[in-house]
**Q** 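For reference, the structure I am asking about is given below.
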Amino acid sequence: MDKNQLIEILNKIGVLLEIKGENPFKSKAYYNAARTLENLDEDIESLIREDRLKDLKGIGDALNKKIIEYYTTGRIEYYESLKAELPESLLEIMNVPGIGPKKIGVLYRQLGIKNIGELEYACIENRLIELPGFGEKTQKKFLDGIMQYKKYQGKYLYSEAYGQAEEILSYLKSCKDIINIEVAGSLRRKREIIRDVDILVSSSKPQEVMDIFLNGPYVRETIAAGETKSSIYTRYGIQVDLRVIGPEEYPYALQYFTGSKEHNVAMRHRSKEMGLKMNEYGLFRGEENIQVKDEVELYKMLGLDFIPPELREDMGEIEAAANHSLPYLISDKDIKGIFHVHTIYSDGKATIEEIAYKAKELGYEYIGITDHSQSAFYAGGLKEEDLLRQWDEIDHLNEMIGGVKILKGIESDILIDGSLDYPEELLKRFDFIIGSVHSNFGLSEYNMTERIVKALQNPYLTILGHPTGRLLLSREGYKLDIKRVIDEAARNNKIIEINANPYRLDMDWRMLKIAKEKGVRFAIGPDAHNIEGLKDVKYGVGIARKGWLEPQDVINCMDMEDIIKLF
DNA sequence: GCCGTTTTCGGCCCGACTGTTTTCAGTCG
């Protein structure tokens, strides 16, 4: 059975119920059940077979029956009947900022609007303003929201949002009325996809700060302007929210605005059980605000170890913090060397020499050069004679440049039959080999999995490169039984790449913890095609942190001697 | 729809901002 599809259906039922105007707690129950399944470590099918589904928090009789129904028939009759009542296309309207389920319900019932296109047309035709609860401004807000959605789908890469945040932060820092300033929200949690930038400021003169923010050179349009919260669209299109609070409220607000929403809900639930109340202004026992000086103390007051922002996704971190079993997360300074760099030999822009000097400047002990292999003709893949030439150059540079060791690697295509791209005599001469899929993306899940499994059984493969092949916001990964790939990597003692290129961030952080528990180790690779690209390693470290990884899980943290031994 | 050492019924996290309202619903995070 397809667990992801089941989760999607449960979420869709939740939204449809909201649009219908049902008891909001009923829809919440569906969202909760979907989340529970999403964070499930165990195999859902065995839970069903052993009739243990009901033991899960948030799944009672009704949802248990519906999940079993999906397991046995592949569909849920309740969902089908909801879809017969309300068109599924209503769900896409939820993506437009500023429009929620209640308004969607009214639009459908009163005007028969079923999708974004019809809504846009109705706005242009001025048909919304007569509806109860609607007006001129609502209609304009919807139209703006639709434009925004159509242009950007409201989603940005972490690296893009990070760049915007940097620009605004450096502009605001000149303001003398600001005491503390920090990026919060999903950006602080280092999510791979960002919907908006949240900035938190403490100041005793909030209005001054707001004025400066709203008049910055980056502002294209103001969405909201209040006393403690304002929102804008930047010229680049991304939404930025600024919250200003008093200095004594800073730790509570920072925790609150960092999220995630789900983490905060769980935190407030915990505080409530302890007889406390939590919000962005404090932690209260009755009327008394319990004073803390930073987030560390705030978590401590709730009986928890400090939870790093990257882990705040309500995926077991609160339980781990309560029983002192949080991981000691990897950080940038643990990285001693990097793998996966392209040069002018294939499709890179920099010479090996330039890369080596840059790596040395960045403080790395070693750098793995991995150009494309011969089948990657579109990327100038290396023929045997090119390899020999490259190896000579590397030998020469290793003698010339001290302090950084250049490793002879290759990013070998994993061919359609699962084999690597050179004969054995050549394969055995590399220091290490990254194997990646670059062709025949359309294979069935079974065939693609077999292809990669075969590569993982190849004694010459060291690292499995960008395991799903996804390109964030533009291309889905190929169909793959990722659990099987993880098992096979563990069995053959193969390393899985965390591709740090901001367009990839592959393997996904949600799978890292699972793979780690199976004993898999990881290599962070910038997949750099120029000098600047070497700095992308930081994005990979962020993803490793989100995946609960510690220095011993990541081979980039080994020193050069140990790396040579490992390879 | 779920849940229970206050509970099997009556709760379910909390607050800011906007717009359409004359005191609040909807949306967002």
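Predicted, not measured: the structure shown is a model, and the values here were computed from it. Any value given below was found using the heavy atoms of this structure, including those in side chains, with hydrogens, waters and symmetry copies removed.
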**Q** Should A:Asp144 and A:Lys140 count as an ion pair when the cut-off is N to O under 4.0 Å?
**A** yes
**Q** Looking only at side-chain atoms of A:Pro101, point me to the closest of B:dT27, B:dC13, B:dG1.
**A**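 Nearest listed nucleotide: B:dT27.
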**Q** Checking all strands, does A:Lys65 fall into the base, sugar-phosphate, or nothing category for heavy-atom contacts under 4.0 angstrom?
**A** nothing
**Q** When you check the gap from the basic side-chain N to the acidic O, do A:Arg470 and A:Asp508 get nearer than 4.0 Å?
**A** yes
**Q** Compare the minimum distances between each of B:dC12, B:dG19, B:dC17 and the side chain of A:Glu227, then state the nucleotide with the smallest one.
**A** B:dC17
**Q** Would you please confirm or rule out a distance under 4.0 Å between OP1 or OP2 of B:dG15 and any side-chain N or O of A:Tyr252?
**A**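 For B:dG15, neither OP1 nor OP2 has a side-chain N or O of A:Tyr252 closer than 4.0 Å.
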**Q** On a whole-Å scale, what distance lies between the C1' atoms belonging to B:dT21 and B:dC17?
**A** 15 Å
**Q** Between A:Gln139 and A:Ser230, which has a closest nucleotide on DNA chain B that is more 5'?
**A** A:Ser230
**Q** Out of B:dG15, B:dG29, B:dG1, which nucleotide sits closest to the side chain of A:Tyr256?
**A**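 From the listed options, B:dG29 comes nearest.
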**Q** Which heavy atom in A:Trp548 sits nearest to a heavy atom in A:Asp553, and how many Å separate them?
**A**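 Looking at all heavy atoms of both residues, the shortest contact is O-OD2, 4.4 Å.
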**Q** Among B:dA16, B:dC2, B:dT27, find the nucleotide with the atom closest to the side chain of A:Lys102.
**A** B:dT27
**Q** In residues 257-272 of chain A, which ones come under 4.0 Å of DNA chain B, going by heavy atoms?
**A**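 Within residues 257-272 of chain A, the residues near DNA chain B are A:Val265, A:Arg268, A:Lys272.
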**Q** Within this structure, what is the CZ-to-P distance between A:Phe284 and B:dC13, rounded to whole angstrom?
**A**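 The distance from CZ of A:Phe284 to P of B:dC13 comes to 18 Å, rounded to the nearest Å.
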**Q** The side chain of A:Lys229 is closest to which nucleotide in this list: B:dG1, B:dC17, B:dG15?
**A**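 Taking heavy atoms from C-beta onward, the closest nucleotide is B:dC17.
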**Q** Counting side-chain heavy atoms from CB outward, which of B:dC14, B:dC2, B:dC17 is closest to A:Asn279?
**A** B:dC14
**Q** NA contact type, A:Ala225, heavy-atom cut-off 4.0 Å: base, sugar-phosphate, or nothing?
**A** sugar-phosphate
**Q** Using a heavy-atom cut-off of 4.0 Å across all strands, would you classify A:Val96 as base, sugar-phosphate, or nothing?
**A**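 Answer is sugar-phosphate: A:Val96 comes under 4.0 Å of backbone atoms only.
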**Q** Just how far, in rounded Å, is P of B:dT21 from CG of A:Leu131?
**A** 11 Å
**Q** For B:dT8, what is the paired nucleotide under Watson-Crick or G-U wobble rules, both distances under 3.5 Å?
**A** none
**Q** Select base, sugar-phosphate, or nothing to describe what A:Lys57 touches, counting heavy atoms under 4.0 Å on all strands.
**A**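 Sugar-phosphate, no base atom in range.
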**Q** Salt bridge check: are A:Arg127 and A:Glu130 linked by an N-O gap of less than 4.0 Å?
**A**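 The answer is no: the pair does not qualify as a salt bridge.
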**Q** Would you please name every residue forming a ring-ring contact (aromatic ring centres under 6.0 Å, His included) with A:Tyr539, sequence neighbours left out?
**A** A:Tyr158
**Q** When you compare B:dT22 with B:dC28, how far apart are their P atoms, in angstrom units rounded to a whole number?
**A**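 Taking atom P in both B:dT22 and B:dC28, they lie 23 Å apart.
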**Q** Under a 4.0 Å N-O cut-off, is there an ion pair linking A:Arg188 with A:Glu295?
**A**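 Answer for the salt bridge query: yes.
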**Q** According to a strict under-4.0 Å criterion, is A:Lys103 in side-chain N/O contact with OP1 or OP2 of B:dA25?
**A** no
**Q** Under a 4.0 Å threshold between the charged nitrogen and the carboxylate oxygen, would A:Arg510 count as salt-bridged to A:Glu192?
**A**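 Counted as a salt bridge, because a side-chain N and a carboxylate O are separated by less than 4.0 Å.
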**Q** With a 4.0 Å cut-off on heavy atoms, is A:Ile129 in touch with a base, just the backbone sugar-phosphate, or nothing at all?
**A**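 No contact.
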**Q** The side chain of A:Lys137 is closest to which nucleotide in this list: B:dG19, B:dG1, B:dA16?
**A** B:dG19
**Q** May I ask you to decide whether A:Lys176 forms a salt bridge with A:Glu208, counting only side-chain N to carboxylate O separations under 4.0 Å?
**A** no
**Q** Classify the side chain of A:Asp241 and the base of B:dG29 as holding, or not holding, a donor-acceptor pair under 3.5 Å.
**A** no
**Q** Which part of the nucleic acid, if any, lies within contact of A:Pro97, taking any heavy atom under 4.0 Å across all strands shown: a base, the sugar-phosphate backbone alone, or nothing?
**A** sugar-phosphate
**Q** Checking contacts here: which listed nucleotide (B:dG15, B:dG1, B:dT18) is nearest the side-chain heavy atoms of A:Ala224?
**A** B:dT18
**Q** Closer than 3.5 angstrom, by distance alone: can the side chain of A:Arg195 be matched with the main-chain N or O of A:Gln239 as a donor-acceptor pair?
**A**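 Pair absent, no side-chain N/O of A:Arg195 close to backbone of A:Gln239.
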**Q** Of the listed nucleotides (B:dG19, B:dG1, B:dA16), which one gets closest to any side-chain atom of A:Thr138?
**A** B:dG19
**Q** Of the candidate nucleotides B:dG1, B:dG19, B:dC14, which contains the atom at the shortest distance from the side chain of A:Lys277?
**A** B:dC14
